[in-house]
There are 2 protein chains.
Amino acid sequence: MAKNRKIDMVILGLLSHESLTGYDIKKRIDGAIRFFWKGSYGSIYPALAAMETQGLVTRAAETDSDGGSCGREKTAYAITDNGRQALLRWLNDGKASNDMKYETLLKLFFGGSADIATSIDNIQRFGVEIRDELRLLRVYQDNLSGTIGDKEHLHYYLTVTFGIETYEAYLRWCAEAIQTLTDAERQ
Amino acid sequence: MAKNRKIDMVILGLLSHESLTGYDIKKRIDGAIRFFWKGSYGSIYPALAAMETQGLVTRAAETDSDGGSCGREKTAYAITDNGRQALLRWLNDGKASNDMKYETLLKLFFGGSADIATSIDNIQRFGVEIRDELRLLRVYQDNLSGTIGDKEHLHYYLTVTFGIETYEAYLRWCAEAIQTLTDAERQ
DNA sequence: AAATGATATATCTGTTTGATATATCTGTAT
DNA sequence: ATACAGATATATCAAACAGATATATCATTT
């Protein structure tokens with residue numbers, strides 16, 4: 001049987017707050033979640049269909065937003081009780097795979113085959129990206145800092161501080177690594 | 001055509017130092033590389049076959065180690081000049097995708113649906129894993145610290161310091177997050 | 001001689017990515 | 001009004017990938 005689909009839990013987690021369409025789910029994943037997970041339409045829509053069959057989600061009422069005339073086709077999904085149980089089982093199963101795929105580090109690992117200037121350039125590009133993301137994370141942090149009395153917001157907040165502290169460490173490393181390589185370049 | 005296979009560059013990078021079998025390649029990936037990339041047999045063997053067709057790698061001589069009698073079947077691959085060029089093009093193309101898939105953070109993000117004790121437990125498990133990995137990285141660091149005058153070793157060294165500084169940041173965050181959640185649990 | 005565990009190659013199933021196709025709706029400029 | 005750009009929405013496909021498993025050989029111990 002199936003049951004190795006991690007995306008299921010992302011979807012159930014999002015639906016535990018509100019009913020959403022596949023498109024909405026993709027937008028949520030591309031928001032605050034993208035710092036530690038990602039998902040594509042190619043996994044979201046099939047997962048929704050499979051979970052509907054399994055009774056973990058159902059199609060929610062399809063009113064168009066303003067109750068106006070015949071709105072466009074739009075399928076929102078809602079979580080079921082079975083879905084909530086599945087989500088809780090996952091939260092409590094004590095297992096978690098944590099994997100990076102950092103192409104920048106891969107390029108650095110094999111950077112001995114190229115010029116040192118290439119490695120410096122690759123690290124600099126990485127640093128620019130991280131700086132941009134860090135700026136965004138700090139906006140998230142500011143927006144959340146008033147409401148961490150709420151249990152849910154506190155959990156969001158902790159994932160944001162994880163991102164911030166991690167990215168700050170990246171930037172410190174970038175500076176050191178560039179310095180080290182620059183020194184090596186000058187012999 | 002194909003050409004979105006990132007694993008190709010891992011394999012070419014490894015083969016640029018020495019000829020290796022698919023099994024050897026897997027072992028290398030599970031070594032120092034696993035901190036920022038991973039690969040499975042299901043991607044390695046097909047990639048080797050495809051790259052042989054493309055002329056990026058060739059089958060190397062298949063002697064059994066001691067020149068003894070008829071050794072067991074064993075297919076080592078060597079990089080070609082075209083392979084080296086492909087590796088260099090990749091190192092210099094200025095593109096890199098850097099993505100995490102951290103299930104622990106996902107569980108924390110949706111942790112509002114469970115007990116705070118569950119979140120604390122999930123963070124603690126993460127911390128234990130990271131502490132173990134960090135110990136290993138420090139061994140790598142010690143082994144390399146004498147030879148960073150060598151350009152290749154210097155590059156390895158920088159990927160190790162990336163891991164160390166990142167993991168140290170994780171551990172600081174773990175301690176803070178557990179403290180925050182413990183306080184919240186007590187109200 | 002038998003058992004065990006490491007080495008070695010390969011394949012299979014299911015999942016996921018990344019790209020693309022199709023179409024509708026909304027706001028804006030002409 | 002209308003044309004258009006850009007956002008919304010659903011869906012699908014090929015290629016890439018993970019994780020598990022099957023098979024077999026070799027080296028070492030028992």
Side-chain angles (χ1 to χ4, degrees), chain A residues 1-11 19-31 33-34 37-54 59-60 62-66 68-77 95-101 103 106, chain B residues 1-11 19-31 33-34 37-54 57 59-60 62-66 68-77 95 97-101 103 106:
Chain A
M1 203 192 288
K3 218 51 302 198
N4 257 26
R5 274 199 320 268
K6 296 285 170 62
I7 190 70
D8 285 9
M9 297 306 140
V10 183
I11 294 173
S19 295
L20 295 167
T21 66
Y23 187 77
D24 291 330
I25 289 168
K26 171 68 170 150
K27 273 192 299 182
R28 296 286 189 291
I29 293 176
D30 289 343
I33 292 179
R34 77 159 190 289
W37 203 269
K38 40 187 257 179
S40 57
Y41 291 128
S43 59
I44 294 168
Y45 284 107
L48 281 169
M51 288 198 293
E52 194 188 5
T53 308
Q54 294 172 269
R59 278 157 196 266
E62 311 185 15
T63 51
D64 57 308
S65 45
D66 311 83
S69 62
C70 229
R72 71 177 294 187
E73 206 176 344
K74 190 170 168 174
T75 312
Y77 290 84
K95 287 177 286 188
S97 69
N98 297 299
D99 296 303
M100 279 185 169
K101 284 213 157 179
E103 201 173 350
L106 204 52
Chain B
M1 204 193 285
K3 219 53 299 207
N4 255 28
R5 276 202 318 270
K6 297 285 171 59
I7 191 71
D8 285 8
M9 297 306 142
V10 184
I11 294 173
S19 295
L20 296 167
T21 66
Y23 187 77
D24 290 330
I25 289 168
K26 171 67 170 151
K27 273 192 299 183
R28 295 286 189 290
I29 294 176
D30 290 343
I33 292 179
R34 77 158 189 288
W37 203 269
K38 39 188 257 179
S40 56
Y41 290 127
S43 59
I44 294 168
Y45 284 107
L48 281 170
M51 288 198 293
E52 193 188 6
T53 307
Q54 295 174 269
V57 302
R59 278 156 196 267
E62 310 184 13
T63 52
D64 58 308
S65 44
D66 310 83
S69 62
C70 227
R72 71 178 294 189
E73 206 176 343
K74 190 169 169 174
T75 313
Y77 290 85
K95 287 177 286 186
S97 70
N98 297 299
D99 296 303
M100 279 186 170
K101 285 213 155 179
E103 201 173 350
L106 204 52

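Chain A is the first sequence line, chain B the second, and so forth, proteins listed ahead of strands; every chain is numbered from 1. Source: prediction; values computed, not measured.
Between A:Tyr45 and the phosphate of D:dT10, there is a side-chain N or O to OP1/OP2 separation shorter than 4.0 Å. Contact annotation: B:Tyr41 side-chain N/O to C:dA10 OP1/OP2 distance is not under 4.0 Å. Proximity of B:Lys101 to the phosphate of C:dT17: a side-chain N or O atom is located under 4.0 Å from OP1 or OP2. Neither OP1 nor OP2 of D:dC17 sits under 4.0 Å from any side-chain N or O of B:Ser43. Taking 4.0 angstrom as the limit, A:Thr21 places a side-chain polar atom (N or O) nearer than this to OP1 or OP2 of D:dT10.
Here B:Gly22 lies in heavy-atom contact (under 4.0 Å) with sugar-phosphate atoms only. In this structure, A:Lys26 reaches neither bases nor backbone, as no heavy-atom distance under 4.0 Å exists between it and the strands shown.
With C:dA8, D:dA18, D:dA16 as the choices, the nucleotide that has an atom nearest any side-chain atom of B:Asp24 turns out to be C:dA8.
Here C:dA8 presents its P atom at 11 Å from CG of B:Leu20, a figure rounded to the nearest Å. As rounded to whole Å, 19 Å separates atom P of C:dT16 from atom CD1 of B:Ile7. Rounding to whole angstrom units, OH of residue A:Tyr23 and P of D:dA7 are separated by 9 Å. Regarding A:Arg59, its CZ atom lies at a distance of 10 Å from the P atom of D:dT10, rounded to whole Å. Atom pair A:Lys74:NZ and D:dA7:P shows a separation of 17 Å (rounding to whole Å applied). The CE-P distance, from B:Met51 to D:dA15, rounds to 17 Å in whole Å. The CD1 atom of A:Ile25 sits 12 Å away from the P atom of D:dA9 (whole-angstrom rounding). A straight line from CG of B:Leu48 to C1' of D:dA16 spans 15 Å, rounded to a whole angstrom.
Between A:Lys6 and A:Gly42, the residue anchored closer to the 5' end of DNA chain D is A:Gly42, taking for each the nucleotide with the nearest heavy atom. Where B:Ser97 and B:Lys27 each meet DNA chain C at their nearest nucleotide, the meeting point lying more 5' is that of B:Lys27. Place A:Tyr77 and A:Asp99 on DNA chain D by their nearest nucleotides, and A:Tyr77 ends up nearer the 5' end.
With a 4.5 Å cut-off on side-chain heavy atoms, B:Met51 and B:Asp8 count as touching. Counting heavy atoms from C-beta outward, B:Ile33 and A:Leu106 have side chains that approach closer than 4.5 Å.
Put simply, OG on B:Ser97 and NZ on A:Lys38 are 6.5 Å apart, with the number rounded to the nearest 0.5 Å. The distance from the CZ atom of A:Arg59 to the OG1 atom of A:Thr75 is 5.0 Å, given to the nearest 0.5 Å.
Taking the side-chain contact (heavy atoms from CB on, under 4.5 Å) definition, one finds that A:Tyr45 meets it with A:Tyr23, A:Tyr41, sequence neighbours left out.
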